[in-house]
Amino acid sequence: MRLDKLLAHSGYGSRKDVKKMLKNGAVRVGGRIAKDAKEQIDPAADEVTVFGEPVIYREFIYLMMNKPQGVLSATEDSRQETIIDLLDPEYLRFEPFPVGRLDKDTEGLLLLTNDGQLAHQLLSPKKHVPKTYEVHVEKPVTKAAADQLESGVDIGEGYVTKPAKAVILENESGRHKLLLTITEGKFHQVKRMLKAVGNEVVYLKRLKMGDVALDAELAAGGYRELTESELAALKNKKHSD
Ligand code: URA
């Protein structure tokens, strides 16, 4: 990769700032002063220093966010707040994007990364990555409805959903709730599934994606980097549930 890109991605300012540093002779590659922004660097092999300090290059970031309601799962929007607007500027240089989308009124687990390969793996319909949602609905969920949700329902345009897992939860404070685990990601899928069994979603929160669960410590809008074991679990193609 280009030297100026490596430095900019490692937190040494914009490409313009980096150009200035190069011009001033602050940057060395393998001990020799480097002035050419276009020089090709192998981050795994070449030792790059700035003012004598080794540059620690990181290519990817992996974040989990507790997406709040009312915020778009998009990288930019001219009028509405996006999940990217919630991030500290230090993360922006990695150009993260959301792994899939949650509706504006859905909250909960959203992964953000700049690792296109991992995002593709997690979103590929062939990989059947399970996603678990806490679903609050308008009316009680009958056992028959839960069975239907599990075996597949027609969500319109002749599409019948793949097998899912539906667990009816205790009715607390007048709320009818269930946990629904699906392995697909059709547009508005959970809402359409509940509609197909004569109900209506009033609140939706994603709790889990693959083997990674939402950190209960994260307040709405909060985020943190994935731990090594969470990342390893996501990269592992087999899922435990
Ligand atoms: N299903 C939905 O209907 N909405 C979401 O945000 C996610 C899954």
Side-chain angles (χ1 to χ4, degrees), residues 1-67 73-77 82-101 109-124 126-127 129 185 209-215 217-218 221-239:
M1 77 162 24
R2 282 172 58 131
L3 178 56
D4 58 351
K5 188 172 174 190
L6 177 136
L7 292 168
H9 281 196
S10 302
Y12 289 92
S14 65
R15 292 243 188 145
K16 209 167 146 203
D17 300 330
V18 163
K19 221 173 206 149
K20 241 185 245 164
M21 285 193 333
L22 289 165
K23 205 169 157 212
N24 295 340
V27 182
R28 287 175 185 259
V29 176
R32 132 193 85 74
I33 290 181
K35 293 207 167 182
D36 180 7
K38 292 199 225 80
E39 183 174 341
Q40 284 298 317
I41 303 292
D42 173 357
D46 295 321
E47 200 210 15
V48 181
T49 60
V50 174
F51 296 115
E53 290 291 319
V55 172
I56 298 165
Y57 176 66
R58 235 178 116 189
E59 189 175 7
F60 297 125
I61 51 150
Y62 304 92
L63 304 172
M64 78 153 70
M65 176 182 279
N66 182 1
K67 177 197 168 297
S73 302
T75 47
E76 53 184 29
D77 191 87
T82 74
I83 43 143
I84 299 298
D85 298 326
L86 302 176
L87 298 180
D88 191 279
E90 73 166 289
Y91 288 110
L92 301 184
R93 65 187 151 93
F94 292 100
E95 298 175 4
F97 54 85
V99 178
R101 281 169 185 257
L109 178 62
L110 187 64
L111 300 173
L112 291 102
T113 186
N114 55 347
D115 182 343
Q117 203 182 337
L118 181 67
H120 177 76
Q121 259 187 37
L122 292 170
L123 296 174
S124 164
K126 288 188 205 125
K127 304 281 182 192
V129 174
M209 185 160 182
D211 290 328
V212 171
L214 178 66
D215 184 338
E217 302 278 302
L218 286 177
Y223 62 92
R224 66 158 168 81
E225 292 196 32
L226 292 186
T227 63
E228 279 188 22
S229 62
E230 286 168 337
L231 185 57
L234 276 185
K235 287 186 172 175
N236 180 358
K237 288 172 196 76
K238 293 198 189 84
H239 296 284

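The figures here come from the full heavy-atom set of this structure, side chains too, leaving out hydrogens, waters and symmetry mates. Nothing here was measured: the structure is a model prediction, and the numbers come from that model.
- Counting all heavy atoms, side chain and backbone alike, Val129 lies closest to Gly210 at CG1-N, 3.5 Å.
- Few gaps surround CZ on Arg93; more than 12 heavy atoms of other groups in view lie less than 6.0 Å from it.
- Aromatic ring orientation, Tyr57 versus His9: parallel (interplanar angle below 30°, classes split at 30° and 60°).
- Residues in residues 34-49 take part in these salt bridge (Lys or Arg N to Asp or Glu O under 4.0 Å) pairs, two or more places apart or across chains: Arg32-Glu39.
- The two residues Ile84 and Ala74 have their closest heavy-atom pair at CG1-O, 3.7 Å.
- Here Leu111 contributes atom CG and Met209 contributes atom CE; the two are 5.5 Å apart, rounded to the nearest 0.5 Å.
- At a threshold of 4.5 Å between non-hydrogen side-chain atoms, the residues Leu7 and Val48 count as touching.
- Closest of all the heavy-atom pairs between Glu225 and Tyr91 is OE2-OH, 3.2 Å.
- By the 4.5 Å heavy-atom criterion applied to side chains, Leu3 and Val18 are not counted as neighbours.
- Remark: Phe94 CZ to Leu63 CG distance equals 9.0 Å, nearest 0.5 Å.
- Here the closest heavy-atom approach between residue Met1 and residue Pro43 is recorded as CG-CG, 4.3 Å.
- Between Glu217 atom CD and Asn66 atom CG the span is 11.5 Å, to the nearest 0.5 Å.
- None of Val212, Val99, Thr113 except one satisfies the side chain to side chain contact (heavy atoms under 4.5 Å, CB included) rule with Met64; the exception is Val212.
- Atom CD of Gln117 has 12 or fewer heavy atoms from other residues, nucleotides or ligands within 6.0 Å.
- When side chains are defined from C-beta on, Leu87 counts as touching Met65, because their heavy atoms get closer than 4.5 Å.
- With hydrogens and angles ignored, the 3.5 Å screen pairs a side-chain donor or acceptor of Asp88 with a backbone N or O of Glu90.
- Between the CD1 atom in Ile83 and the CZ atom in Phe97 there is a gap of 10.5 Å [rounded to 0.5 Å].
- With values rounded to the nearest 0.5 angstrom, His120 atom NE2 is found 6.5 Å from Lys126 atom NZ.
- Looking at Asp77, its side chain never comes within 3.5 Å of a backbone N or O of Thr82 through a donor-acceptor pair.
- Side chain of Asp17 to backbone of Tyr12: no donor-acceptor contact under 3.5 angstrom is found.
- The shortest non-hydrogen separation linking Pro98 to Ser73 is CG-O, 3.8 Å.
- Around atom CG of Leu92, more than 12 heavy atoms belonging to other residues, nucleotides or ligands sit under 6.0 Å away.
- Counting all heavy atoms, side chain and backbone alike, Leu109 lies closest to Ala213 at CD2-C, 4.4 Å.
- Rounding to the nearest 0.5 Å places CG of Asp4 at 6.5 Å from NZ of Lys19.
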